Amino acid sequence: MNVKAFTLTLLCYLFMATPSEKPVLYLIGDSTVAGASATNPIQGWGGKLISYFDESKINVQNRAVSGISSRTYQTAIVHEPSMLKNGMWKGIMAQLKADDFVMMQFGHNDESPVADTLRMRGSLKGTGDTSIIVTNYFTKQKETVQSYGFYLKKLVSDIQSRKAIAIICSPVPKNKWSGKHIVRNNTDYGKWAKEVAEQTGACFIDLNQLMADQYDRLGQAEVTTAYFNADGVHTTQAGAELSASLLASAIKKLKQSNLKSYLNPNQ
């Protein structure tokens, strides 16, 4: 075999022997998604969901940031510089590639004031194109604030522009009850999240409904004691694990995505 033929054969072998780059599942959202240490009483579901995937086949990155909203995750104008350590949305877009996945859950902090001196993170209610102009307390510059749906649509558009897969989750419930039923968000943020998924072709998981149904079965006393922290917003380790288990089951039923093929076989 001459040198040229040998070189070509070697290159072909190396090409075939080198495994293709694994897809990445990015988890984005606020503190109800963000992971924490095993001793932290506040735990988001993102840290628990990772264990449901076969990481020899997919790289799962929890890029959720406590204190963030759909607006500030994209603008990266925040009250605490340490929140920017992973680059927020721009950091993900610098890495996002075809066949990756982005699972998002925003809403809890979108309820905050649109303009204040503490967070500057609220978005307008709904999915419309209405907007207002405010002076951002942190930059002292004018900022056009859009609707919750607008910011979700922008995320989905960015994801789809890279030929990646967007998965929208409705926000997990708060520990608020009406009689024997925990309060759903199917008239506001859950409804708007679903509408954006339908309008954009993104996948949708109604995590709020899944969690609420399970909480109803468990009852208010047990849910309050075991699954929520005293603030009534953030889940405990057990609450985060319950969210993750329900998400894993829901992923198996997604029809527009092959994400289920990356779950651990025993899940």
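What you are looking at is a predicted structure, and each value in this text was computed from that prediction instead of being measured.
- Rounding to the nearest 0.5 Å gives a distance of 5.5 Å between CD1 of I42 and CG of D231.
- Counting heavy atoms from C-beta outward, I205 and I251 have side chains that approach closer than 4.5 Å.
- I77 CD1 to R71 CZ: the interatomic distance, rounded to the nearest 0.5 Å, is 7.5 Å.
- Minimum heavy-atom separation, Q95 to D100: O-OD2, 4.2 Å.
- Across A193 and L152, no two heavy atoms sit closer than the pair CA-CD1, 4.1 Å.
- Considering CZ of R119 and CD of E80, their distance stands at 9.5 Å, rounded to 0.5 Å.
- Remark: the backbone N or O of I68 is not paired with any side-chain donor or acceptor of T72 at under 3.5 angstrom.
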Legend entry - Working for side chain to side chain contact (heavy atoms under 4.5 Å, CB included), residues V223 and F228: CA-CA 7 Å; V223 168; F228 276 99; 3.6 Å; yes
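- A pairwise comparison of heavy atoms in S37 and Q237 identifies O-NE2, 3.1 Å as the closest pair.
- Taking CD of Q220 as the reference point, atom OH of Y215 lies at 12.5 Å (rounded to 0.5 Å).
- Looking only at distances, a side-chain donor or acceptor of T236 sits under 3.5 Å from a matching main-chain atom of A226.
- Distance check, rounded to the nearest 0.5 Å: CE of M103 to CG of L25 gives 6.0 Å.
- Residues D110 and S123 bring a donor and an acceptor atom of their side chains to less than 3.5 Å of each other.
- Of the possible polar contacts, one joining the D116 side chain to the L118 backbone as a donor-acceptor pair under 3.5 Å is found.
- The shortest distance between side-chain heavy atoms of V233 and H108 falls below 4.5 Å.
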Inset, instruction - Would you please test T235 and T32 for side chain to side chain contact (heavy atoms under 4.5 Å, CB included) and show each step? - result: CA-CA 7 Å; T235 51; T32 63; over 6 Å; no
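- Shortest non-hydrogen contact noted between Q146 and S131 is OE1-CB, 3.4 Å.
- Side-chain contact between I182 and M211 is absent, with no heavy atoms from C-beta onward closer than 4.5 Å.
- A donor-acceptor contact shorter than 3.5 Å links the side chain of S51 to the backbone of K48.
- I92 and V33 fall into different hydrophobic clusters, where Ile, Leu, Val, Met, Phe, Trp and Tyr are joined by side-chain heavy atoms under 4.5 Å apart, directly or via other members.
- Looking only at side-chain heavy atoms (C-beta outward), V102 and W89 come within less than 4.5 Å of each other.
- A 6.0 Å sphere centred on NZ of K90 holds no more than 12 heavy atoms belonging to other residues, nucleotides or ligands.
- Under a cutoff of 6.0 Å and an axis angle of 45°, K153 and Y151 do not form a cation-pi pair.
- Residue-environment remark: NZ (K140) exceeds the threshold of 12 foreign heavy atoms within 6.0 Å.
- The neighbour count for D99 CG, taken as heavy atoms of other residues, nucleotides or ligands under 6.0 Å away, does not exceed 12.
- Both F204 and I159 are part of a single hydrophobic cluster, where members link through side-chain heavy atoms under 4.5 Å apart.
- The OG1 atom of T224 sits 11.5 Å away from the CG atom of N229 when rounded to the nearest 0.5 Å.
- M88 and L27 sit in two unconnected hydrophobic clusters of ILVMFWY residues. Membership requires side-chain heavy atoms under 4.5 Å apart, directly or through other members.
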Legend entry - Residues K154, D158; criterion salt bridge (Lys or Arg N to Asp or Glu O under 4.0 Å); working and verdict: CA-CA 6 Å; K154 181 62 168 62; D158 286 350; 3.0 Å; yes
Inset, instruction - Using the side chain to side chain contact (heavy atoms under 4.5 Å, CB included) rule, take Y189 and E111 through it: C-alpha gap first, then chi angles, then the decisive distance, then the call. - result: CA-CA 9 Å; Y189 290 94; E111 294 181 320; 3.3 Å; yes
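- Between the side chains of S147 and K125, no donor-acceptor pair is found at a separation under 3.5 Å.
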Inset, instruction - Take R217 and D213 through the test side chain to side chain contact (heavy atoms under 4.5 Å, CB included) and record every step on the way to the result. - result: CA-CA 6 Å; R217 287 188 282 269; D213 288 347; 4.1 Å; yes
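- A heavy-atom distance below 4.5 Å is found between the side chains of L96 and Y26.
- Between the side chains of S112 and R121, at least one donor N or O sits under 3.5 Å from an acceptor N or O.
- A donor-acceptor pair under 3.5 Å is formed between the side chain of S261 and the backbone N or O of N258.
- Of the possible polar contacts, one joining the N208 side chain to the N185 backbone as a donor-acceptor pair under 3.5 Å is found.
- Residues T75 and E143 meet the side-chain proximity criterion, which asks for heavy atoms closer than 4.5 Å.
- In terms of heavy-atom proximity, S178 sits nearest to V183 at N-CG2, 4.1 Å.
- For Y148 and F106, the distance between ring centers is not under 6.0 angstrom.
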Legend entry - Step-by-step salt bridge (Lys or Arg N to Asp or Glu O under 4.0 Å) determination, R184 to D206: CA-CA 11 Å; R184 275 75 169 160; D206 197 348; over 6 Å; no
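- Listed here is the closest heavy atom pair of K191 and N186: CB-O, 3.3 Å.
- Side chains of Q209 and S170: no donor on one and acceptor on the other come within 3.5 Å.
- By the neighbour-count criterion of 12 heavy atoms within 6.0 Å, atom CD1 of I133 is sparsely surrounded, having that number or fewer from other residues, nucleotides or ligands.
- V60 places none of its side-chain heavy atoms less than 4.5 Å from the side chain of L49.
- The six-membered or imidazole ring of F101 lies away from that of F53, with a centre-to-centre distance of 6.0 Å or more.
- Contact annotation: the side chain of Y73 never approaches that of N109 to less than 4.5 Å [non-hydrogen atoms, C-beta and beyond].
- Of the possible polar contacts, one joining the Q74 side chain to the S70 backbone as a donor-acceptor pair under 3.5 Å is found.
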